[in-house]
Amino acid sequence: MKVRKAVFPVAGLGTRFLPATKAMPKEMLTVVDKPLIQYAVEEALSSGITEIIFVTGRSKQAIEDHFDHFCELEQTLMARSKNALLREINHLVPESGTFIYTRQNEPLGLGHAIWCARHIVGNEPFAVLLADDLIKSDKPAIGQMIEQFNRLNASIVCVEEVDRKATASYGILDADPPKDRLTKIRGLVEKPEPDAAPSNLAIIGRYILTPEIFSILERKETGAGGEIQITDAMANLLGQQSLYGYRYEGIRYDCGTKVGFQMANISYALDRPDMRARLLPFIEQICQQ
Ligand code: G1P
């Protein structure tokens, strides 16, 4: 069955970015001139996903507004013949009914957030994208994974080798190093300390999951940090199905951290020819100070 739906868990409080995220969703933080959530949604849409499901929470209305018409602004841009900008803001507005919003009413963890989408996803494989992980690549990362899913017909998580010291920030695979970008998963652990980590293969925020995950999440078992973890649910699913890790092609920016977020901004800004010409000499200059 084709992967048509993508779930975007966007209910988190974004405490790492306070005070910026006090009155603004962290997914609306911008890399150059686009919010993080837009990069992730564009990645999904350009990978063939046709239904976008947001699992939101309190004070996340800006996300809904971002993907909707803004008549006054459109009229103003039209009156001023700002056609390129008009196209830019309008291509985001989906056909009615293709973007769906549901709420996670309690902050019980990523697994719980995904479970909140169960009735909308139904009985079919689906993608999950965490907007914090911004991936720059020629071919969209989730599209690379959908290609693998179409061959393997099994759940796939996106992976990257991380510094051993960093394992406590990630879900970690018990698996051999990937061959041709793929590795079969023997086990998964959420945020292990380095001495307990079965490898340095970390889960990056892209998943293709089969719907059987929902009946495991339904049990609401808690794991690391007292939360309902998707990593634990996948470990459980291993008893019934094969799971694979896929080493994506591209560069990931961890926009869940301040430093990763700044790196993303610098990198994406340097990709813009108009900005690069002024930014590069500036960076060189301040590095010498
Ligand atoms: C979540 C997952 C973790 C994964 C990470 C990727 O953690 O629980 O397994 O490695 O996303 O970004 P979080 O970053 O929300 O703490």
Side-chain angles (χ1 to χ4, degrees), residues 1-13 25 27 37 40-41 43-45 47-61 63-64 67 94-133 141-142 145-146 148-150 152-158 171 185 188 190 203-244 246:
M1 209 170 174
K2 275 185 75 174
V3 181
R4 303 182 301 144
K5 303 183 180 183
V7 175
F8 294 77
V10 292
L13 289 176
E27 295 79 11
I37 190 66
V41 166
E43 178 183 329
L45 293 176
S47 302
I49 295 287
T50 50
E51 280 180 48
I52 301 288
I53 303 159
F54 294 100
V55 181
T56 72
R58 277 193 159 275
S59 59
K60 296 284 181 164
Q61 205 197 320
I63 297 177
E64 296 187 37
F67 295 105
E95 191 191 342
S96 292
T98 50
F99 282 27
I100 302 153
Y101 299 85
T102 189
R103 273 203 180 198
Q104 183 185 22
N105 307 89
E106 300 166 282
L108 298 181
L110 178 58
H112 178 259
I114 294 170
W115 177 77
C116 290
R118 67 199 178 284
H119 293 304
I120 309 170
V121 170
N123 192 27
E124 58 181 276
F126 62 103
V128 177
L129 290 91
L130 309 184
D132 279 0
D133 281 323
I142 202 71
M145 292 171 66
I146 291 173
Q148 297 297 329
F149 176 84
N150 291 343
L152 300 164
N153 202 23
S155 294
I156 303 171
V157 294
C158 192
I185 300 177
L188 304 106
E190 180 66 6
I203 301 174
I204 304 308
R206 301 286 183 279
Y207 309 75
I208 308 282
L209 297 170
T210 52
E212 288 74 25
I213 200 78
F214 289 127
S215 47
I216 298 171
L217 290 169
E218 181 91 38
R219 298 180 205 150
K220 304 209 175 137
E221 286 163 3
T222 53
E227 296 190 339
I228 301 169
Q229 300 288 357
I230 190 64
T231 306
D232 296 339
M234 288 187 300
N236 241 298
L237 191 62
L238 269 177
Q240 310 165 31
Q241 298 181 357
S242 299
L243 257 88
Y244 293 86
Y246 173 75

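The basis for the numbers below is simple: all heavy atoms, side chains too, and nothing from hydrogens, waters or symmetry mates.
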Does a sphere of radius 6.0 Å around CD in Gln61 hold more than 12 heavy atoms from other residues, nucleotides or ligands, not counting ones at 6.0 Å or beyond?
no
Sub-3.5 Å donor-acceptor pair from the side chain of Arg206 to the main-chain atoms of Val157, do we have one?
no
Does the side chain of Thr98 reach to within under 4.5 Å of the side chain of Thr50, using non-hydrogen atoms?
no
Over all atoms of both residues, closest heavy-atom pair of Ala44 and Ala6
CB-CB, 4.3 Å
Surrounding CZ of Arg58 (heavy atoms of other residues, nucleotides or ligands, distance under 6.0 Å), is the total greater than 12?
no
Distance in Å, Arg118 CZ paired with Ser215 OG, rounded so as to fall on 0.5 Å steps:
12.0 Å
Are Thr231 and Gln229 linked by a side-chain donor-acceptor pair shorter than 3.5 Å?
no
Heavy atoms only: give me the nearest Ile156-Ala154 pair and the separation to one decimal.
CG1-O, 3.3 Å
What one should report as the nearest heavy-atom pair of Leu237 and Ser155 is CD2-OG, 3.9 Å
About how many Å separate OH of Tyr246 and CD of Gln148, when rounded to the nearest 0.5 Å?
5.5 Å
Walk me through it: do Phe126 and Ile114 pass the test side-chain contact (heavy atoms from CB on, under 4.5 Å)?
CA-CA 10 Å; Phe126 62 103; Ile114 294 170; 3.8 Å; yes
Provide the closest heavy-atom pair for Gly205 versus Asp133 in the form atom of the first, atom of the second, distance.
N-OD2, 2.6 Å
Partners meeting salt bridge (charged side-chain N to carboxylate O under 4.0 Å, His left out) with Asp132 (sequence neighbours left out)
Lys26
Are the side chains of Phe67 and Ile52 in touch, meaning some heavy atoms are under 4.5 Å apart?
no
Backbone N or O of Trp115 within a donor-acceptor pair of the Gln104 side chain at under 3.5 Å?
no
I would like to know whether Tyr207 and Leu130 meet side-chain contact (heavy atoms from CB on, under 4.5 Å); could you show each step before the answer?
CA-CA 9 Å; Tyr207 309 75; Leu130 309 184; 4.3 Å; yes
Can you tell me how far apart CZ (Phe99) and CD1 (Ile53) are? Round to the nearest 0.5 Å.
11.0 Å
Testing the 3.5 Å rule here: is there a donor-acceptor pair between the side chains of Glu212 and Gln240?
no
Could you tell me whether the side chain of Glu221 reaches within less than 4.5 Å of the side chain of Asn236, counting heavy atoms only?
yes
Taking the side chain as every heavy atom from C-beta outward, state whether Ile63 and Thr56 have any atom pair closer than 4.5 Å.
no
Of all heavy-atom pairs linking Ala127 and Ile49, the shortest is CB-CD1, 4.2 Å
For Leu243 and Leu188, what are the C-alpha separation, side-chain angles and deciding distance, and is it a side-chain contact (heavy atoms from CB on, under 4.5 Å)?
CA-CA 10 Å; Leu243 257 88; Leu188 304 106; 4.3 Å; yes
Do you know which two heavy atoms are closest between Ser47 and Ile142, and how far apart they sit?
OG-CG2, 3.2 Å
One pair to check against side-chain contact (heavy atoms from CB on, under 4.5 Å): Asn123 and Met1. What are the steps and the verdict?
CA-CA 10 Å; Asn123 192 27; Met1 209 170 174; over 6 Å; no
Below 30° counts as parallel, above 60° as perpendicular, anything between as tilted: where do the rings of Phe8 and Phe54 land?
tilted
Minimum side-chain heavy-atom gap His119-Thr102 below 4.5 Å
no
Nearest-0.5 Å distance that lies between atom NE2 in His112 and atom CG in Leu110
11.5 Å
Mark yes or no for whether Lys60, through its side chain, and Gly12, through its backbone, hold a donor-acceptor pair below 3.5 Å.
yes
Is the backbone of Ile120 close enough, under 3.5 Å, to the side chain of Lys5 for a donor and an acceptor to pair up by distance?
yes
Spatial distance of atom CD1 (Ile203) from atom CD1 (Ile185) [nearest 0.5 Å]:
6.5 Å
Heavy atoms from other residues, nucleotides or ligands near CG of Leu13 exceed 12 (cutoff 6.0 Å)
no
Side-chain contact test, heavy atoms from C-beta onward, threshold under 4.5 Å: evaluate it for Ile216 versus Asp232 and give yes or no.
no
